[in-house]
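Not measured: the values here are computed from a predicted model.
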Amino acid sequence: MPSSTRHLGERIGRPAAEVYAFVADPANLPRWSSGLGSSIRQVDGEWIIESPEGELRFEFVARNDLGVLDHRVTFPSGDIFYNPMRVVPYDDGCEVTFAVRRFGDISDADFDRDTAAVAADLAKLREVLEAGG
């Protein structure tokens with residue numbers, strides 16, 4: 001059986017603390033992450049993403065000093081998907097890692113597409129931040 005998790009990483013030539021602060025602000029998601037939806041807004045303390053599936057709720061774990069950016073995405077169906085993500089210092093910059101996890105019983109082709117979309121988002125994040133954020 002193929003692995004249900006793929007670990008991706010993108011080195012970014014910016015200090016880990018700066019990258020963490022940028023990514024930890026959900027308002028910045030549309031600048032680098034196209035995979036979830038087209039826009040994000042805050043309503044009554046919750047972050048809502050407009051997506052083709054409807055409104056998704058988005059929530060990071062509490063801010064921390066360890067670079068942990070794990071987050072939950074709640075779908076209109078009520079299904080909750082947990083996404084492990086980290087920012088780790090690396091030489092004079094950092095590495096952002098994301099564990100792409102297989103959702104439900106999606107096909108290998110769909111899992112490959114999800115993985116490619118996350119890889120593209122991480123590359124866009126590097127591009128945005130290295131251009132000055």
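Counting all heavy atoms, side chain and backbone alike, Leu8 lies closest to Ala119 at CD1-N, 3.7 Å. Across every non-hydrogen atom of Ser34 and Asp121, the tightest pair is N-OD1, 3.1 Å. Contact detail for Trp47 and Gln42: the closest heavy-atom pair is NE1-NE2, 3.6 Å. Nearest heavy atoms, Asn28 versus Phe22: ND2-O, 2.9 Å. Across every non-hydrogen atom of Val87 and Cys94, the tightest pair is CG1-SG, 3.9 Å. Nearest heavy atom pair, residue Glu53 against residue Pro76, reads O-CG, 3.2 Å.
Hydrophobic cluster membership of Val43, counting Ile, Leu, Val, Met, Phe, Trp and Tyr whose side-chain heavy atoms lie under 4.5 Å apart directly or via other members: Ile48.
Interatomic distance, CD1 of Ile40 versus OG of Ser33, reported as 9.0 Å (0.5 Å rounding). Interatomic distance, CG of Asp65 versus OH of Tyr20, reported as 8.0 Å (0.5 Å rounding). Expressed to the nearest 0.5 Å, how far NZ of Lys124 lies from CG of Leu129 amounts to 11.0 Å. Atom CZ of Arg113 sits about 10.5 Å away from atom CG of Asp108, to the nearest 0.5 Å.
At a threshold of 4.0 Å, the pair Arg126-Glu10 counts as salt-bridged, since one of the basic side-chain nitrogens sits closer than that to a carboxylate oxygen. For the pair Asp114 and Arg6, the salt-bridge criterion is not met [side-chain N within less than 4.0 Å of a carboxylate O].
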Using the rule given for side chain to side chain contact (heavy atoms under 4.5 Å, CB included), can you reason through Glu46 versus Phe58, listing the C-alpha separation, both sets of side-chain angles and the distance that settles it, and then say yes or no?
CA-CA 7 Å; Glu46 287 190 317; Phe58 181 91; over 6 Å; no
Val96 vs Val19, test: side chain to side chain contact (heavy atoms under 4.5 Å, CB included). Steps then yes/no.
CA-CA 8 Å; Val96 177; Val19 172; 3.8 Å; yes
Could you walk me through whether Val100 and Thr5 pass the side chain to side chain contact (heavy atoms under 4.5 Å, CB included) check?
CA-CA 5 Å; Val100 182; Thr5 303; over 6 Å; no
Under the side chain to side chain contact (heavy atoms under 4.5 Å, CB included) criterion, do Phe75 and Arg57 qualify, and how do the steps go?
CA-CA 7 Å; Phe75 291 84; Arg57 289 191 334 254; over 6 Å; no
Before you tell me yes or no, could you show the steps for Asp25 and Arg31 under salt bridge (charged side-chain N to carboxylate O under 4.0 Å, His left out), namely the whole-Å CA-CA distance, both residues' side-chain angles and the distance that decides it to 0.1 Å?
CA-CA 11 Å; Asp25 182 354; Arg31 295 183 60 196; over 6 Å; no
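Residues forming a side-chain contact (heavy atoms from CB on, under 4.5 Å) with Val61 (at least two apart in sequence, or on another chain): Asn64, Val68, Asp70. Every residue two or more places apart in sequence or in another chain that forms a side-chain contact (heavy atoms from CB on, under 4.5 Å) with Ile80 is listed here: Arg72, Thr74. With sequence neighbours excluded, the residues forming a ring-ring contact (aromatic ring centres under 6.0 Å, His included) with Phe98 are His71, listed by chain and number. With sequence neighbours excluded, no residue satisfies side-chain contact (heavy atoms from CB on, under 4.5 Å) with Ala116. For Arg41, the side-chain hydrogen bond (donor to acceptor under 3.5 Å, both in side chains) criterion is met by Glu50, Glu55, not counting sequence neighbours.
Trp32 and Val88 sit in two unconnected hydrophobic clusters of ILVMFWY residues. Membership requires side-chain heavy atoms under 4.5 Å apart, directly or through other members. By the rule that hydrophobic residues join a cluster once side-chain heavy atoms approach within less than 4.5 Å of another member, Leu122 and Phe60 end up as members of one cluster. Cluster membership check: Ile106 shares its hydrophobic cluster with Phe81, using side-chain heavy-atom separations under 4.5 Å among Ile, Leu, Val, Met, Phe, Trp and Tyr.
Few gaps surround CG on Asp79; more than 12 heavy atoms of other groups in view lie less than 6.0 Å from it. A 6.0 Å sphere centred on CG of Asp91 holds more than 12 heavy atoms belonging to other residues, nucleotides or ligands.
The main-chain N or O of Phe111 is found under 3.5 Å from a side-chain atom of Thr115 such that the two form a donor-acceptor pair.
Side-chain atoms of Ile12 and Leu125, non-hydrogen and from C-beta on, do get closer than 4.5 Å to each other.
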